[in-house]
Number of protein chains: 2
Amino acid sequence: MRVLFDNVNVDENEILSYSNKVKSIVDNLESRKDKDDDFVGWLNVGIDKSEIDRIKNTALKIRKQAEVLLVIGIGGSYLGARAVDSALSDKKLEIIYVGFNLCSNYIKSVIDYIKDKDFVINVISKSGTTTEVAIAFRIFREILESRYNDFKDRIYITTDSTKGALRNLANKCGYTSFVIPNNIGGRYSLLTAAQLLPIACSGVDIEKLINGAKEAYLKYRNLDVLNNECFRYAISRNILYNKNNFIEILSNYDLRLSYFSKWWQQLFGESEGKDNKGIFPVNLDFTTDLHSMGQYIQEGRRNLFETVIFVDCEDDLIIKHEEDDMDNINYLEGKSINYINKMAMQGTITAHFSADVSNFVILLDKLDEFELGSLIFFFEYSCAISSMLMNVNPFNQPGVEEYKRNMFKLLNKPGF
Amino acid sequence: MRVLFDNVNVDENEILSYSNKVKSIVDNLESRKDKDDDFVGWLNVGIDKSEIDRIKNTALKIRKQAEVLLVIGIGGSYLGARAVDSALSDKKLEIIYVGFNLCSNYIKSVIDYIKDKDFVINVISKSGTTTEVAIAFRIFREILESRYNDFKDRIYITTDSTKGALRNLANKCGYTSFVIPNNIGGRYSLLTAAQLLPIACSGVDIEKLINGAKEAYLKYRNLDVLNNECFRYAISRNILYNKNNFIEILSNYDLRLSYFSKWWQQLFGESEGKDNKGIFPVNLDFTTDLHSMGQYIQEGRRNLFETVIFVDCEDDLIIKHEEDDMDNINYLEGKSINYINKMAMQGTITAHFSADVSNFVILLDKLDEFELGSLIFFFEYSCAISSMLMNVNPFNQPGVEEYKRNMFKLLNKPGF
């Protein structure tokens, strides 16, 4: 992957002025990454080879065992897995996500859909008592237990190493289980056992995914901030933010990355959005959303910038000649759809930048495990640095409890 | 539907001070609605009974004729149909949307999917030469023509009444066709022949949908702005905007309305986002996005407000008792999922409002054609009024041409 800064309205000297700040943040993060009581463990990219093998073997078993894998999780225990699955799945095992909403209609549609399908469950939750997840697990576990004699062999639990409802259940019933690490928060847990089981089940090579992230970490150790794409992105975002750019749009041109955009939204929104600060992260899919939000980006309030993701892959879907050319697109004859998409991207970047909208451009040469792993780490690392440059703690989320407390009161939960 | 304003930080006297302005805007719109060379035709809600019957009969035919309806359209010729289809489809005919992107992988996946499916096409485009649409139509028409002898009976064209590539094609080949009205822009065309064919194909009663909108129009003629929910919403948005609330989140608690949110985003974004003005519209699905953007909304920059949509329907999916209660949700025993969802909504509104985030709350008693039609008109009308209060023209979109010009140049389109 490459990151281009040509269409970003930020001065190089201004970027350089952040060098010392970034160095001290990097030192700070490095000094914390081995601590068990902190949340910087993700900086030690990768997990034990033995755990990788256990995940891969379990995934192989599940892919033979069932037609459908129900993944039950929400937030940081959901978005990352779905992002990678959507981008790279080989589609040999159907993966359906539940437990990420309280939408009765959706849950019923899944109950109905799996009626005649052979399914297994992977429930992912640190506490095991998150409302959405607990409800979905109760519903689908009951179906599983009433349908299969070997139901114990069809429940896979991903949770805390020692405590919580799911750990107790796994111990009591002897379910296969995986461990969500203690020193990594949900939104930073994509490349850990917290989310790798469904990813492996989707046919993705999880070692290559991790290797992409590892390589990215090595690449981004360079303290020359102008030539370190990751640091330059983090710094430039802050400079733009300080110039009243309060919205960042992830402009994605490949529908396979739509869920990746949602993972990115959580990563940045939950990390930066506190203390009355933060860039508001929005995801749009182009070119489709150019036909809805393009007008605003071009001519609305000048308080936003974009980060563009484009996958520049080979494409054999070619526009053919048509005799009468009634639709006026014979001029595209012989061109691939992806090429046309790329010209749309380039034309859009020029148009938006000419209207004072800065555009970071991330180009992937292809969409595979290695590239995606690199991109994941790029965003994780730049997000941590960017948040700390903003003087907020990237690793907590104190604001998400408030609505839950209100909800528990309304639901007469004991203790609230 | 009802709109609640209890959690909106706007003073009633301030709302009243807009009365005269709103009256003159209403008069202005009313005086323009019958003009053929203006874009206010949507205010004459509904279409000819004979045209409704023709759409319904064509839909009945298509539902018998095929397994899959491919709808080819983008922007205003796509979002509305998909919104209503997603919300209310009876799922008897599969509808697949193409032509709304330049994502090669997506197009290939549809080509592959329909390989063994019996399909027909409805292409929707005023000009017939919109790049995404023209490309998709060329690709899928070729498949259709090579596969079926009766291909002429499998192409349904929705386009301009007299001119353009698709009108010429329809005339030349004798395809069944429907007319996109001249005096209604794409994003305001949901309740016209522009989008009603795929909606009728999804099993939706289009007359009831239109009736919901008609009733809403009658209801919202009241010039008492405090008691007219539609005007009050439009005015209050402006007041909030003038107090530095630059982002509006449509917080939707029912996944069936996810695409409706995207329709809403185009409606407001493209109508208001010009002259360096406009509220930036964002759509989130709750509760899932509370686990990603909840932190930002609660504690990030105080420059946003929310419009909440909740469908308060009957629900027979009930939480059951479990002996050991390891997941700690026995306290929810006997409660329906929708009730829990509602308490999540109420708890969230209280939490966000306590953090200075105003919340408009739209309650639907059920999700059916009538209610959805009312909601569509509520937003169309309030959007027009709100934009005009902002002194922008709600019915043009001058900014969407810029990227296209650049793209055409890059693609060597003749004339660019």
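Per chain, numbering begins at 1; letters A, B, ... match sequence-line order.
- Nearest heavy-atom pair, B:Arg302 versus B:Gly300, reported as atom, atom and distance to 0.1 Å: NE-O, 2.8 Å.
- Using a cutoff of 4.0 Å between basic side-chain nitrogens and carboxylate oxygens, A:Glu272 and A:Lys277 are not scored as salt-bridged.
- In terms of heavy-atom pairs under 4.5 Å with chain A, the best-connected choice from B:Pro414, B:Ala351, B:Ser109, B:Gly347 is B:Gly347.
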Notebook entry, point to check: Between B:Tyr253 and B:Thr348, is a side-chain contact (heavy atoms from CB on, under 4.5 Å) present by the stated rule, with each step listed?
Noted result: CA-CA 11 Å; B:Tyr253 283 80; B:Thr348 303; 3.4 Å; yes
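- Each of B:Ser336, B:Gly76, B:Ala134, B:Ser354 has some count of heavy-atom pairs under 4.5 Å with chain A, and the biggest count is that of B:Ala134.
- Taking all atoms of both residues into account, the shortest heavy-atom contact from B:Gly278 to A:Tyr296 is O-OH, 2.6 Å.
- Side-chain contact of B:Ser258 with B:Asp285: a donor-acceptor pair under 3.5 Å is present, judged by distance alone.
- Both the backbone and the side chain of B:Lys413 come within less than 4.5 Å of a heavy atom in chain A.
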Next item on the list: Determine, step by step, whether A:Met343 and B:Asn406 satisfy the side-chain contact (heavy atoms from CB on, under 4.5 Å) criterion, reporting the C-alpha distance in whole Å, the side-chain angles of both residues, the deciding distance to 0.1 Å, and the verdict.
Entry: CA-CA 8 Å; A:Met343 294 307 106; B:Asn406 294 338; over 6 Å; no
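- Taking 4.0 Å as the cut-off between side-chain N and carboxylate O, B:Lys366 and B:Asp312 do not count as a salt-bridged pair.
- Of the atoms belonging to B:Tyr241, it is side-chain heavy atoms, and not backbone ones, that fall under 4.5 Å from chain A.
- For a residue to count as touching a neighbouring chain, one of its non-hydrogen atoms must lie under 4.5 Å from one of that chain's; by this rule B:Leu267 does not touch chain A.
- Between chain B and the residues A:Lys320, A:Lys409, A:Glu401, A:Arg405, the largest count of heavy-atom pairs under 4.5 Å involves A:Lys320.
- At a 4.5 Å heavy-atom cutoff, the contact between B:Asn303 and chain A is made by side-chain atoms alone.
- Between chain A and the residues B:Ser127, B:Ser292, B:Gly128, B:Gly75, the most heavy-atom pairs under 4.5 angstrom are made by B:Ser292.
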Notebook entry, point to check: How far apart are the C-alpha atoms of B:His291 and A:Leu79, what are their side-chain angles, what is the distance that settles it, and do they pass the side-chain contact (heavy atoms from CB on, under 4.5 Å) test?
Noted result: CA-CA 10 Å; B:His291 295 252; A:Leu79 289 164; over 6 Å; no
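- In terms of heavy-atom pairs under 4.5 Å with chain B, the best-connected choice from A:Leu317, A:Thr131, A:Leu304, A:Ile329 is A:Ile329.
- The residue among A:Asn412, A:Leu367, A:Leu169, A:Asn338 with the most heavy atom pairs within less than 4.5 Å of chain B is A:Leu169.
- Only the side chain of B:Leu332 comes within contact range of chain A, judged by heavy atoms closer than 4.5 Å.
- B:Ser104 pairs in a side chain to side chain contact (heavy atoms under 4.5 Å, CB included) with only one of the listed residues (A:Val311, A:Asp254, A:Asp315), which is A:Asp315.
- For A:Leu166, no part sits under 4.5 Å from any heavy atom of chain B, backbone or side chain.
- Looking at A:Asn330, its side chain never comes within 3.5 Å of a backbone N or O of A:Asn328 through a donor-acceptor pair.
- Most heavy-atom pairs under 4.5 Å with chain A, from the set B:Ile247, B:Asn168, B:Val133: that is B:Ile247.
- For the pair A:Arg141 and A:Phe137, the distance from NZ or CZ to the six-membered ring centre is under 6.0 Å and the angle to the ring normal is within 45 degrees.
- Of the two parts of B:Asn105, only the side chain, counted from C-beta on, holds a non-hydrogen atom closer than 4.5 Å to a non-hydrogen atom of chain A.
- When the candidates A:Trp263, A:Tyr78, A:Phe280 are compared by the number of heavy-atom contacts under 4.5 Å with chain B, A:Phe280 comes out ahead.
- Only the side chain of B:Lys335 comes within contact range of chain A, with at least one heavy atom under 4.5 Å from a heavy atom of that chain.
- Cation-pi contact between B:Arg301 and B:Phe246: absent, since separation from the ring centre below 6.0 Å together with deviation from the ring axis within 45° is not met.
- Contact count against chain B (heavy-atom pairs under 4.5 Å) is highest for A:Cys103 among A:Ala165, A:Cys103, A:Gly269.
- Of the two parts of B:Val400, the backbone and the side chain both hold a non-hydrogen atom closer than 4.5 Å to a non-hydrogen atom of chain A.
- The part of B:Lys404 that comes within reach of chain A is its side chain, from C-beta onward, which places non-hydrogen atoms under 4.5 angstrom from that chain.
- The main-chain N or O of B:Phe268 is never found under 3.5 Å from a side-chain atom of B:Ser271 such that the two would form a donor-acceptor pair.
- Residue A:Met326 touches chain B through both its backbone and its side chain, counting heavy-atom pairs closer than 4.5 Å.
- For A:Phe310, no part lies near chain B; criterion is any non-hydrogen pair under 4.5 Å.
- No other option in B:Lys172, B:Met345, B:Glu322 has as many heavy-atom pairs under 4.5 Å with chain A as B:Glu322.
- Residue contact with chain A, scored on non-hydrogen atoms closer than 4.5 Å, is absent for B:Ser125.
- Only the side chain of B:Ile319 comes within contact range of chain A, judged by heavy atoms closer than 4.5 Å.
- Salt-bridge formation is detected for the pair B:Asp325/A:Arg138: a Lys NZ or Arg NE/NH1/NH2 atom is positioned less than 4.0 Å from an Asp or Glu carboxylate oxygen.
- Tested against B:Asp289 for a side chain to side chain contact (heavy atoms under 4.5 Å, CB included), the candidates B:Asn252, B:Leu284, B:Ile249, B:Ile297 yield a single pass: B:Leu284.
- If you measure heavy-atom distances from B:Lys342 to chain A, you find no contacts under 4.5 Å at all.
- Residues A:Gln298 and B:Gly399 approach most closely at CG-O, 3.3 Å, considering heavy atoms.
- At a 4.5 Å heavy-atom cutoff, A:Asp356 makes no contact with chain B through either its backbone or its side chain.
- Put simply, the side chain of B:Gln295 gets close to the backbone of A:Gly273: a donor and an acceptor are under 3.5 Å apart.
- Each of A:His352, A:Gln346, A:Glu132 has some count of heavy-atom pairs under 4.5 Å with chain B, and the biggest count is that of A:Glu132.
- Using a 4.5 Å cut-off between heavy atoms, B:Phe100 contacts chain A through both its backbone and its side chain.
- Each of B:Lys91, B:Lys262, B:Arg187, B:Glu142 has some count of heavy-atom pairs under 4.5 Å with chain A, and the biggest count is that of B:Glu142.
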